[in-house]
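Predicted model only: the values in this text are computed from it and were never measured. Proteins get letters first, then strands, A, B, ... in listed order; numbering begins at 1 in each.
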Amino acid sequence: MLRIKNLSKIFHKDQPDEKIIFKSLNLHIQKGEFVTVIGGNGAGKSTLMNLISGSMFPDEGEIYIDNTDVTFMPEHKRAKFIGRVFQDPLKGTAPNLTIEENLSLAMLRNARRDLAFGINKENLAFFKDELSKLNLGLENRLTTKVGLLSGGQRQAVTLLMATLIKPKVLLLDEHTAALDPKSRDKILELTDKITKDEEMSTLMITHNIENALSFGSRTIMLKHGEIALDLKDNDRAQMDQHKLQDNFNF
Amino acid sequence: MGVLISTCAQGLIYAVLALGLFITFRILNFADMTAEGSLTLGGSVCAVLISNEVNPALSILIAALTGSLAGLITGILHTKLKIQAILSGILTMIALYSINIRIMGKANVSLLGKNTVFKIFKDNQISNFVVGFVICVVLLEILNLFFKTRLGLAIRATGDNEQMMRAQGANTDFKKILALMISNSMCAISGTLISQSQGYADINMGTGTIVIALASIVIGEAVIRKNLFLYKLIAVALGAITYRFIIFFVLNLGMNPSDLKLFTAIVAAILLALPNVQKVIQRSVKSVKN
Ligand SMILES: Nc1ncnc2c1ncn2[C@@H]1O[C@H](COP(=O)(O)OP(=O)(O)OP(=O)(O)O)[C@@H](O)[C@H]1O
Ligand SMILES: [Mg+2]
């Protein structure tokens, strides 16, 4: 599904402050796989997601989604394959538009943004349905401006928007880090439910080692521009949090 | 009564400009300085066409298209050549000064004795009012409908959160360019109406108009605080009319006309700062209570 080959990314290349983030990164993620990503600050986790989503381009290497070479495809073009949720709850929604307007935009991800009416009445029942699954009472607030919602509510809406049209790859960059504990649990629970989809591959960055091991089916650790650890199946089941933490600090 | 109508008529003409700037300053979050240039561009193109006996309505249409070209250039400077928003607009505006003089061949063009859209009724004031009203309402409704379409919604969302729109697969550069084109064609239309109602186009007719439009927008927003998009547009139009009445009032009180720009700038500054000042006051009241 997602294939990364010999990826290299260097910031400020050939300058005194040159910074090599990836030298030759290889990663292959299967269809339906849910991979958690860990690594210290500055390990390049967010950079990896920026390269996959196209908000940055690599210096070398290739990125394939479902056998389509997307390495240098503009961000808005490859967005049809990719759903994304950022750490900052403010980043994923348009605050001055209503919930139904935001969701309508998400429904248009693969459609032409033409002169048809922006809000399709036939979608409203679907929106209500999907919103009610969040259990936040948002299904009755379709015409509320998103800017008036709490961080947790906004992040839930963002998660819904990222997956309303099922992407091939879902990228979650510490998407619960800015939330209070209660909202965090709620969003993680939603994430778990949404990622059960067998057609969608997910990458979730987290600093919480416990979550990294308990969510998804595979865990990778980024360190010094490489995948320092790739845990699956039995190895992962036997790995305990403290052992991994030690490994992390090494 | 006559004064009332002519002040309203003036306001309606400037309402078109204010609606144009509402698109860039408020919807797109883009401080577009092109506006003053494209207003003069519209006024000059229209005046030259009309003085060559072209139909006034057709002249307005052509002028609107030239305005959209000005917006296109600012949009390309900003999105493709990565020049700061404010600078892109200033560059186009400055360039337009020379272009406008070339279009007119001199610093002004008179429309004395020529046909204009305002010459449908015998009475000048009634004509100005009726024509201004019809044009303003039609444009307002077109904008209202447009910003409810998928494309319009995408433009609003681009102004609101560009990063999110890119993640949602939208070509945000295109959205910005399009919004700038629409906005500047509105400015140009306003310019055509100004030159037709005053009877001449002048190279300096755009100077200071951005501040007038901004003052109109903030006055409108202070009066009508509804969230519905249509009401926001109506607020802007009413703000422009209100602004004309305020000007009429202070001139009657004896203000020197050359002080008007200073007065407008102060009013706009106060109204723009008001929401923030209110916040600071509320916060300090809270902290005193605690
Ligand atoms: N646009 C950029 N230009 C220059 N350097 C950058 C840029 N983006 C990231 N970096 C640098 O690259 C390194 C990796 O950053 P990145 O954001 O990918 O780390 P991360 O693993 O997500 O860290 P964190 O856990 O703190 O979020 C950091 O040292 C950062 O300063
Ligand atoms: Mg990061």
How about [atom1] on [X], more than 12 heavy atoms from neighbouring residues, nucleotides or ligands closer than 6.0 Å, or not?
{"X": "A:K121", "atom1": "NZ", "value": "no"}
{"X": "A:E62", "atom1": "CD", "value": "yes"}
{"X": "A:F72", "atom1": "CZ", "value": "yes"}
{"X": "A:K168", "atom1": "NZ", "value": "no"}
{"X": "A:E18", "atom1": "CD", "value": "yes"}
{"X": "A:E122", "atom1": "CD", "value": "no"}
{"X": "A:K166", "atom1": "NZ", "value": "yes"}

For this session: Pick one of side chain, backbone, both or neither for A:K91, based on which atoms fall under 4.5 Å of a heavy atom in chain B.
Result: both
For this session: Go through the atoms of A:I165 and report whether side chain, backbone, both or neither lie under 4.5 Å from a heavy atom of chain B.
Result: neither
Problem set entry | Heavy-atom pair of closest approach, residues B:Q168 and A:R113 | O-NH1, 3.8 Å
Exercise. Which atom names give the shortest non-hydrogen contact between A:A94 and B:N161, and what distance separates them?
Worked result: CA-CB, 4.2 Å
Can you tell me how far the [atom1] atom of [X] sits from the [atom2] atom of [Y], to the nearest 0.5 Å?
{"X": "A:I119", "Y": "B:K148", "atom1": "CD1", "atom2": "NZ", "value": "9.0 Å"}
{"X": "B:R166", "Y": "A:R84", "atom1": "CZ", "atom2": "CZ", "value": "10.0 Å"}
{"X": "A:E75", "Y": "B:Q163", "atom1": "CD", "atom2": "CD", "value": "7.5 Å"}
{"X": "B:L153", "Y": "A:L97", "atom1": "CG", "atom2": "CG", "value": "6.0 Å"}
{"X": "B:M164", "Y": "A:N102", "atom1": "CE", "atom2": "CG", "value": "5.0 Å"}

Problem set entry | Between A:A162, A:A106, A:A116, the one whose heavy-atom pairs under 4.5 Å with chain B are most numerous | A:A116
For this session: Flag the one option from A:K77, A:R78, A:M161 with the top tally of heavy-atom pairs under 4.5 Å to chain B.
Result: A:M161
Exercise. Counting N and O atoms only, with roles assigned by atom type, does the side chain of B:D160 sit under 3.5 Å from a partner on the main chain of A:N96, one being a donor and the other an acceptor?
Worked result: yes
Problem set entry | Region of B:F146 that comes under 4.5 Å of a non-hydrogen atom in chain A | side chain
Problem set entry | Criterion side-chain contact (heavy atoms from CB on, under 4.5 Å) against B:L151, the qualifying member of A:L108, A:D114, A:L115 | A:L115
For this session: Tell me, out of B:L145, B:T158, B:T172, B:N227, who's got the most heavy-atom pairs with chain A below 4.5 Å.
Result: B:N227
